[in-house]
Amino acid sequence: MAYQPDYPFPRLEDGQTLEVADGVHWIRMPLPFALDHINLWLLADGDGWTVIDTGYNSAATRDIWKQVLDGIAGGGAPARVICSHFHPDHMGLAGWFAAEFGASLWMTYSEWLQAHLARSRQLTHDFKRWDEFFVENGASAQNTDGFRTFLSRLDEPWYSIPQTVRRIRDGEDILIGDHTWRVITGGGHTHEHASLWCAGRDILISGDQILPRITSNISLWYTEPEGDPLGDYLESFAKFGAISDRTLVLPSHGYPFRGVHGRIGELRDHHEARLETALAVCAEPRTADEVIPFLFDRDIGPDDYSFAIGETLAHLNRLVSAGRLERRRSADGLIRYRRP
Ligand SMILES: [Zn+2]
């Protein structure tokens, strides 16, 4: 039978909250993107509060947070912010919580570093390098322009990035209130994404590592052309093996659900099917650009292009790491993937 997740809660509107377990509040926060919302979590923590992920840096998000804190926390100040990873929808207000409430930032070290790097724009906004990367993988000029437009639209996605961090590590137990939450790190979506698992209460705050309906973006960047993010991502699933299937999963996008192992199986199948398709398409040497239409069943316009080619390259490089394809530069300067 096909996997059927159990969604135990009603739909929330933007800015609404719901207590999904004793002292665990779900906040549905709007986002100014195609992906139009993110789920954030406010946890009772003794006399205070811990915030898990912060939302994007915008006046609208900050206003909603003030209302939520007035309503739920009775104006109480969160002492701690734990961020799953550096992406601005998750970490955009970490600096605001520090400035406004004196909250300390807890996150993995490489995600914190990545946030500083991203905010400096040194690598993300080097469009010459991005263009070279897209072009050598077969892109046309129209598509590289789309990516530049996309990035230039992001204004100040992070309020600021705190200059100090309380580093969290894989396997570490964090006490929030009376309950212990274990850090489970995983790669693929970002380098050291942290999920939090409370075994005693059967709750998993999965972040972007496991999402119920959409798949996490797993993309290759120009900065690591031989990387294997999809390999890192698939490998991370084993770390969720000990979690009970009764567990309430609190994802960053979509709805809280039960049935984590069914969903992991579905995600694995989804990527395996794409890997087989990519392998078949590369019976003759292909650029990543040529493989895109075989992996996506919708038209990819300039706005989506960087995601589409990044995801396609992640699949192709997985096949290279597995010894099933070779990645070689042809005489025309383009990188093509072929059977060994
Ligand atoms: Zn993310």
Side-chain angles (χ1 to χ4, degrees), residues 26-41 51-58 61 81-95 105-119 121 123-124 147 150-151 153-159 161 165 168 170 183-196 204-221 223-224 227 229-230 232-237 239-240 249-256 263-264 267 270-271 303-304 306-311 313-314:
W26 168 24
I27 302 150
R28 184 180 161 108
M29 193 64 89
L31 285 179
F33 307 113
L35 178 57
D36 62 2
H37 74 281
I38 180 169
N39 302 320
L40 311 173
W41 315 98
V51 168
I52 317 271
D53 284 340
T54 69
Y56 194 78
N57 175 36
S58 72
T61 313
V81 170
I82 304 177
C83 287
S84 58
H85 64 298
F86 81 96
H87 285 159
D89 46 338
H90 299 260
M91 202 194 162
L93 290 182
L105 171 65
W106 294 40
M107 68 191 300
T108 64
Y109 201 70
S110 41
E111 295 296 331
W112 175 74
L113 283 180
Q114 188 76 40
H116 279 283
L117 197 57
R119 192 159 185 265
R121 301 192 169 191
L123 300 178
T124 54
F147 179 61
F150 168 78
L151 267 195
R153 257 187 249 136
L154 303 180
D155 218 8
E156 274 295 338
W158 295 272
Y159 182 89
I161 309 284
V165 66
I168 63 174
D170 188 42
V183 177
I184 302 175
T185 63
H189 179 62
T190 54
H191 283 84
E192 201 186 359
H193 177 288
S195 304
L196 293 171
L204 172 70
I205 296 176
S206 63
D208 277 353
Q209 200 71 10
I210 302 170
L211 298 173
R213 243 164 53 79
I214 56 170
T215 56
S216 311
N217 179 260
I218 312 293
S219 276
L220 194 77
W221 274 45
T223 45
E224 203 184 356
L230 183 56
D232 296 337
Y233 182 63
L234 295 173
E235 203 178 274
S236 78
F237 289 156
K239 291 186 171 183
F240 296 89
V249 185
L250 306 180
S252 294
H253 308 284
Y255 296 95
R263 182 54 181 157
I264 285 175
L267 290 166
H270 164 88
H271 289 295
D303 274 5
D304 299 332
S306 62
F307 293 104
I309 196 164
E311 290 249 357
L313 282 161

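Read the numbers this way: they start at 1 and go in the same order the structure lists the ligands and their atoms. Below, each value reflects all heavy atoms present in this structure, side chains not excepted, and no hydrogens, waters or symmetry copies.
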Less than 2.8 Å from the Zn ion (ligand 1) is the window; count the protein N, O or S atoms in it.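 Under the 2.8 Å cut-off, the count stands at 4.
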
Please work out whether the ring planes of H90 and H87 are parallel, tilted or perpendicular, with thresholds of 30° and 60°.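 Correct class here is tilted.
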
Do the rings of Y233 and F237 sit parallel, tilted or perpendicular, given the 30° and 60° boundaries?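 Ring orientation, 0 to 90° scale: perpendicular.
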
Matching residue for V51 among I82, V81, L93 - test: side-chain contact (heavy atoms from CB on, under 4.5 Å):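 With V51 as partner, I82, V81, L93 yield a single side-chain contact (heavy atoms from CB on, under 4.5 Å), made by V81.
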
Checking Q209 against S236: is there a side-chain donor and acceptor pair closer than 3.5 Å?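 Yes, a side-chain donor-acceptor pair sits under 3.5 Å.
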
Are side-chain N/O atoms of S84 and D53 paired as donor and acceptor at under 3.5 Å?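 A pair is found: one side chain offers a donor N or O, the other an acceptor, under 3.5 Å apart.
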
Test your reading of the model: is there a side-chain donor-acceptor pair from R119 to the backbone of E156, 3.5 Å cut-off?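 No, because the side chain of R119 does not come within donor-acceptor range (under 3.5 Å) of the backbone of E156.
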
